[in-house]
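For reference, the structure is listed below as structure tokens.
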Amino acid sequence: MDEESKEYQLDQYTQNKLAEEKRLIEEEKELKIKWRQEIEQNKEIQAHLDKYKKISVEAFITHYVNHKYQVYRYGDMYIKLAEDERTKWIDLAHEQLKCIQQKQLFDLQCQWRAEQIKLNGVEKCIDFKKWEDEVLNCPFLKPISESDIELYQEFLSETGLNFANEFWDREWQDYDEIKGGYDEDDEESTIPEWYQFHYKNTDTASLLSLPDIRGEKEEFYRGIWFDNQRKEIEERQKDQPIKLTDNRPYLSPSDRSMMSFLMHNFEDQLTQKRDLHYRMAIEDYNDTSSYEDMFRELAEANEDVPIEGHFDIKEAVEMAYNSYYAKKTAEHLPLAYEQYLLTRKMGFVIKGDRDYFGNIDDIYSTSILGGRELNGEPRDFNF
């Protein structure tokens with residue numbers, strides 16, 4: 001090979017790509033010849049085709065063979081897409097099973113904080129946060145029942161839920177926020193929609209009015225420990241040279257007010273005009289892209305999706321999207337429930353990771369135990 005040939009030699013990636021394309025073309029040719037011969041040699045097929053003009057039969061066979069090759073080449077991909085679509089709804093329904101159990105866990109948290117019950121595996125308030133992420137594995141929760149499934153299906157159909165923002169992805173065991181929403185009774189309630197629906201349809205609403213006896217005890221001990229920590233730090237720093245500190249506020253890299261100030265006071269008019277139209281375009285895109293995604297998914301659905309009239313097309317699309325998701329999730333909830341029961345029956349439920357929070361759990365425990373010790377009490381959780 002001379003120097004000029006070496007210089008123009010294709011890279012390995014391109015060579016491999018060309019070789020693969022050549023292989024596919026050869027395969028397509030062989031398969032189409034094979035399939036055409038099978039049709040021509042099949043007497044039963046020929047008997048059906050003899051009823052039509054020969055010129056039209058030739059065109060039909062060509063079209064059929066081409067179609068069969070597309071099925072051969074891409075059919076498995078579309079089978080997988082259909083399976084993935086079904087799996088998507090079951091996975092989403094599985095997330096709702098967690099929501100069902102989150103409510104049961106929160107009810108127990110209210111009772112535990114009020115010192116009405118004791119729970120194996122729960123020593124302090126933060127333990128409920130740890131079980132939040134392993135709620136289906138929580139050993140002291142009752143299994144999900146058919147009545148739970150039916151009530152949740154009613155919840156999905158009767159409540160205008162925001163599936164686009166994944167309403168189920170939230171802090172389910174944030175006692176202070178949820179209890180605060182109950183005490184303040186704001187219009188913008190911090191109580192999860194599922195909890196509100198469950199309270200209205202069961203006799204558990206009174207649990208929110210229970211006192212937080214255990215939480216107040218923990219905060220008392222934690223306060224003692226943190227006060228002591230602060231005093232020790234101040235004592236250590238008392239004899240150290242005073243460090244100069246920069247007390248100026250922090251400027252965010254994307255601070256909009258500062259960017260606007262610089263743009264309007266230090267840039268020329270053409271740059272300002274470009275900036276204005278650029279920001280308008282970005283804001284328009286951010287405002288419409290999510291609705292375009294919703295509409296595209298609805299348009300590609302394998303069933304008719306009703307959409308109600310609305311003066312704002314974006315609102316109409318979002319309402320149709322949420323209704324569609326609520327319907328499909330409710331339909332697949334029984335399947336997810338069957339998988340849940342099978343998992344429990346087979347013993348595949350895995351015990352939650354007790355070290356999930358790592359340092360946070362250690363600090364929380366240390367602050368309580370340290371506070372008790374400083375208060376002249378035993379270094380344990382028996383209080």
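Since the model is a prediction, treat every value here as computed from it, not as a measurement. Any value given below was found using the heavy atoms of this structure, including those in side chains, with hydrogens, waters and symmetry copies removed.
- Between Glu171 and Lys129 there is a salt bridge, since at least one side-chain N of the basic residue sits less than 4.0 Å from a carboxylate O of the acidic one.
- Phe60 is not listed as a side-chain neighbour of Tyr52, based on a closest heavy-atom distance of 4.5 Å or more.
- What you find for Tyr195 and Trp172 is that their closest heavy atoms are OH-O, 2.9 Å.
- Heavy-atom minimum distance, Ile144 versus Tyr337: O-OH, 3.0 Å.
- A salt bridge links Glu38 with Lys34: the distance from a Lys NZ or Arg NE/NH1/NH2 to an Asp or Glu carboxylate oxygen falls below 4.0 Å.
- Here Lys17 does not pair with Glu20 in a salt bridge; the nearest charged N to carboxylate O distance is not below 4.0 Å.
- The CD1 atom of Ile100 lies 5.5 Å from the CG atom of Asp148; values are rounded to the nearest 0.5 Å.
- For the pair Ser157 (side chain) and Glu154 (backbone), a donor-acceptor distance under 3.5 Å is present.
- A search for side chain to side chain contact (heavy atoms under 4.5 Å, CB included) contacts involving Asn201 returns Leu151, Phe197, not counting sequence neighbours.
- Distance check, rounded to the nearest 0.5 Å: OG1 of Thr329 to CG of Leu161 gives 9.0 Å.
- Between Asp380 and Arg372 there is a salt bridge, since a side-chain N of the basic residue sits under 4.0 Å from a carboxylate O of the acidic one.
- Judged purely by distance below 3.5 Å, without hydrogens or angles, the side chains of Tyr221 and Glu373 never pair a donor atom with an acceptor atom.
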Please lay out, stage by stage, how Tyr72 and Glu27 fare under the test side chain to side chain donor-acceptor pair (under 3.5 Å).
-> CA-CA 11 Å; Tyr72 167 81; Glu27 180 186 55; 3.0 Å; yes

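- Closest approach of Ala330 and Gln153 over heavy atoms only: O-NE2, 2.9 Å.
- Side-chain atoms of Gln269 and Gln272 include no donor-acceptor pair closer than 3.5 Å.
- If you check the side chains of Asp11 and Thr14, you find a donor sitting under 3.5 Å from an acceptor.
- Under a 4.0 Å N-O distance rule, the pair Lys231/Asp227 does not qualify as a salt bridge.
- For the pair Phe220/Ile224, a side-chain contact is recorded, criterion being any heavy-atom separation below 4.5 Å from C-beta on.
- No donor-acceptor contact under 3.5 angstrom links the side chains of Gln46 and Glu40, judged on distance only.
- Between Leu97 and Leu333, the closest side-chain pair of non-hydrogen atoms falls below 4.5 Å.
- Ionic pairing of Arg113 and Glu216 is not present here: no N-O contact between side-chain nitrogen and carboxylate oxygen is shorter than 4.0 angstrom.
- Using a cutoff of 4.0 Å between basic side-chain nitrogens and carboxylate oxygens, Glu318 and Lys314 are not scored as salt-bridged.
- With salt bridges taken as basic N to acidic carboxylate O contacts below 4.0 Å, one links Arg248 and Asp246.
- Under the 6.0 Å distance and 45° angle rule, Arg214 counts as a cation-pi partner of Phe383.
- Taking 4.5 Å as the limit, some side-chain heavy atom of Ile39 sits within range of a side-chain heavy atom of Ile45.
- Rounded to the nearest 0.5 angstrom, Gln104 CD and Asp107 CG are separated by 8.0 Å.
- Phe106 approaches Gln173 most closely through the heavy-atom pair CA-OE1, 3.3 Å.
- Under a 3.5 Å cut-off, the side chain of Thr271 and the backbone N or O of Glu267 do not form any donor-acceptor pair.
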Begin from the C-alpha positions of Lys103 and Thr204 and carry the test side chain to side chain contact (heavy atoms under 4.5 Å, CB included) through to its verdict.
-> CA-CA 10 Å; Lys103 177 57 170 59; Thr204 57; 3.1 Å; yes

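- Side-chain contact check for Gln70 versus Asn66: every heavy-atom pair is 4.5 Å or farther apart.
- Figure legend: Lys124 and Phe381 shown as a cation-pi pair, the cationic atom lying under 6.0 angstrom from the six-membered ring centre and within 45 degrees of its axis.
- A pairwise comparison of heavy atoms in Asp255 and Ser257 identifies OD1-OG, 2.6 Å as the closest pair.
- Judged purely by distance below 3.5 Å, without hydrogens or angles, the side chains of Tyr175 and Gln109 never pair a donor atom with an acceptor atom.
- Contact check on Arg36 versus Glu58 returns a salt bridge, with a Lys/Arg side-chain nitrogen under 4.0 Å from an Asp/Glu carboxylate oxygen.
- In this structure, Ile25 is not a member of the same hydrophobic cluster as Val65, with clusters built from ILVMFWY side-chain heavy atoms closer than 4.5 Å.
- Taking the six-membered ring where the residue is Trp, Tyr325 and Phe163 present tilted rings, their angle falling between 30° and 60°.
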Starting from the C-alpha separation in whole Å, work towards a yes-or-no answer on side chain to side chain contact (heavy atoms under 4.5 Å, CB included) for Trp194 and Tyr152.
-> CA-CA 8 Å; Trp194 165 235; Tyr152 201 87; 3.6 Å; yes

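- For Ala316, the side chain to side chain contact (heavy atoms under 4.5 Å, CB included) partners are Ile307, His310, not counting sequence neighbours.
- Taking the side chain as every heavy atom from C-beta outward, Tyr64 and Trp35 never approach each other to under 4.5 Å.
- Using a 30° and 60° split on the angle between ring planes, Trp89 and Tyr324 fall in the perpendicular class, above 60°.
- With contacts defined as side-chain heavy-atom distances shorter than 4.5 Å, the pair Glu300/Arg296 qualifies.
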Lys88/Glu297 under salt bridge (Lys or Arg N to Asp or Glu O under 4.0 Å): CA gap, chis, key distance, verdict | CA-CA 13 Å; Lys88 177 184 78 173; Glu297 185 168 351; 2.9 Å; yes

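- A single hydrophobic cluster is seen to contain both Phe295 and Ile313, as judged by linkage of ILVMFWY side chains at heavy-atom distances under 4.5 Å, directly or through other members.
- By the side chain to side chain contact (heavy atoms under 4.5 Å, CB included) test, Ser367 pairs with Arg222, Trp225, Phe226, sequence neighbours left out.
- Looking only at atom types and distance, the side chain of Asn375 has a donor-acceptor partner in the side chain of Glu377 under 3.5 Å away.
- Taken to the nearest 0.5 Å, the SG atom of Cys138 stands 12.0 Å off from the CG atom of Asp133.
- At least one side-chain heavy atom of Pro192 sits less than 4.5 Å from a side-chain heavy atom of Ile178.
- Under the 4.0 Å criterion applied to side-chain N and carboxylate O atoms, Lys327 and Glu331 are assigned as salt-bridge partners.
- When all heavy atoms are compared, the tightest approach of Asp268 to Leu270 is OD1-N, 3.1 Å.
- Between the side chains of Asp293 and Ser290, no donor-acceptor pair of N or O atoms lies under 3.5 Å.
- Note on Glu234 versus Arg230: salt bridge recorded, some NZ/NE/NH1/NH2 to OD/OE distance being below 4.0 Å.
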Evaluate the criterion side chain to side chain contact (heavy atoms under 4.5 Å, CB included) for residue pair Tyr340 and Gln101; output intermediate values, then yes/no.
-> CA-CA 12 Å; Tyr340 162 81; Gln101 293 299 73; 4.2 Å; yes

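- The neighbour count for Asn120 CG, taken as heavy atoms of other residues, nucleotides or ligands under 6.0 Å away, does not exceed 12.
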When you look at Asp212 and Lys179, which way does the salt bridge (Lys or Arg N to Asp or Glu O under 4.0 Å) test go after all the steps?
-> CA-CA 10 Å; Asp212 184 16; Lys179 184 73 183 302; over 6 Å; no

Please lay out, stage by stage, how Lys98 and His94 fare under the test side chain to side chain contact (heavy atoms under 4.5 Å, CB included).
-> CA-CA 7 Å; Lys98 295 179 183 179; His94 186 267; 4.1 Å; yes

